[in-house]
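So that the names make sense, note that chain A is the first sequence line, chain B the second, and so on, each numbered from 1. On a predicted model such as this, the values are computed, not experimentally measured, just so you know.
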Number of protein chains: 2
Amino acid sequence: MSSQDEQRPPTELELGAYFALIEVSSLLRHTIEQQLQEVGGLSYVQFQLLATLGDAPTGTRRMTELADGVVYSRSGLTYQVGLLEKAGLVARSPAVDDERGVDVTVTDAGRDVLAAVFPGHIAVLRELFLDPIDSDAIAGLGATLTVIRDHMRRIPPRSARPRNGRHQTS
Amino acid sequence: MSSQDEQRPPTELELGAYFALIEVSSLLRHTIEQQLQEVGGLSYVQFQLLATLGDAPTGTRRMTELADGVVYSRSGLTYQVGLLEKAGLVARSPAVDDERGVDVTVTDAGRDVLAAVFPGHIAVLRELFLDPIDSDAIAGLGATLTVIRDHMRRIPPRSARPRNGRHQTS
DNA sequence: TCTCATCGCTTCGAATTCGAAGCACCTAGG
DNA sequence: CCTAGGTGCTTCGAATTCGAAGCGATGAGA
């Protein structure tokens, strides 16, 4: 951990990219969240979950898959899926091949909500994020961020660290 | 609001950029938050607040300025500044020229914590965000995101909407 | 087969977040 | 000077988040 802190300070350019990234995503997410709330009564997380399920070929995913896709804690996921289930937008069922697992599936109502919310979502996305830059910039942005994302995914075991080694890192 | 929903669906490229943005910032923030917590017992928000104050020429800012810079709600800001004050990292004092305003100032202890946390912060930043791409890509990323950010800042009045007209939007 | 460490998910309590309402102050109009 | 409306921040209650602990199921080794 404290192997070689000997690193040069980031340039202004690097810091600028970092700050801009944080602020843009923060602002964008905030605005989208409002839109989702107004139109479909969804939080951003709930939308992400529904969208992830909607993307799945069968509309079904395991809890763990959802957790990984959304970066949130397992307990938070349980909570949100619970809300979605109570709202009738998803259904939970025990996984067939593993009695401990839980499969989550979008319901038709869930797909309806998704469809209802999407246009507004896109509109905000366009207005805030896509409109101000040309398509070349978008392509570049996407390419760079994708590289970073793939790199990040490789580095840390996100949602499933070793449960608890009997020796801490110290 | 529903003036012309007639918009073409986003291309795969555009969606990719959007998703990558959300995931990268989410992952990055999450990891940085862990680092900050371990080293300085700071949450990301607290770090942002301290850093913002540290950047200010006099180490002092108004509450509202802080809220704008960090995008959070006013009440949340009050809460966090309260925590920082209790920890002795910042000091609150009534603004000189406006009795209702509150000036927040970093203390020496606050600057110490900031200094203690910074190297780790940078290390994570490098490892996750800067290392995987070359400096051209970083420059491009920063430029594009800055354009978007400036655009976003112009659009919505962030933390201080009209208090409440006597007629809602409905 | 039996045993035990591990895995997938949920429950629990604590911390953080937000919006609405409230309080004190400022500022313009009479 | 007095009043009315707007501004800056805080308080309050509800909702969401997380990590740690708990529970049943799984699977590898004896």
With sequence neighbours excluded, residues passing side-chain contact (heavy atoms from CB on, under 4.5 Å) with Q48(A): Y44(A), V70(A), I22(B)

Options dC9(D), dC9(C), dG19(D), nucleotide nearest the side-chain atoms of S73(A): dG19(D)

Which residues share a salt bridge (Lys or Arg N to Asp or Glu O under 4.0 Å) with D98(A), sequence neighbours left out: R62(A), R100(A)

Parallel, tilted or perpendicular, as decided by the 30° and 60° cut-offs, for the rings of F47(B) and F118(B): tilted

Expected output: side-chain T52(A) to main-chain L66(A) donor-acceptor under 3.5 Å: no

Could you list all N or O pairs between the protein and nucleotides 2-4 of chain C that sit under 3.5 Å apart?
none

dT17(C) phosphate, OP1 or OP2, under 4.0 Å from R74(B) side-chain N/O: no

With E33(A) via salt bridge (Lys or Arg N to Asp or Glu O under 4.0 Å) - residues at least two apart: none

Test item: E14(B) side-chain N/O and T11(B) main-chain N/O as donor-acceptor pair under 3.5 Å: yes

Nucleotide dA14(D), atom P - distance to CD of Q37(A) in whole Å: 17 Å

side-chain contact (heavy atoms from CB on, under 4.5 Å) partners of A137(B), counting only residues at least two apart: T144(A), I133(B), D134(B)

Sorted by number, the residues of residues 79-87 of chain A with heavy-atom contact under 4.0 Å to DNA chain D: Y79(A), Q80(A), L83(A)

All salt bridge (Lys or Arg N to Asp or Glu O under 4.0 Å) counterparts of R111(B), not counting sequence neighbours: none

Side-chain cluster (under 4.5 Å, hydrophobic types only) that L83(A) belongs to, other residues: Y79(A)

Linked hydrophobic residues, V96(B) as query - side chain contacts closer than 4.5 Å: none

Main-chain N/O of E127(B) paired with H151(A) side-chain donor or acceptor, under 3.5 Å: yes

Strand contacts (DNA chain D) in residues 39-57 of chain B, 4.0 angstrom heavy-atom criterion: none

Length of the line joining H30(B):NE2 and dG19(D):C1', which is rounded to integer Å: 11 Å

Partner residues of E99(B) under the salt bridge (Lys or Arg N to Asp or Glu O under 4.0 Å) criterion, sequence neighbours left out: none

For DNA chain D, the residues among residues 91-107 of chain B that have a non-hydrogen atom under 4.0 Å from it: R92(B), R100(B), G101(B), V102(B)

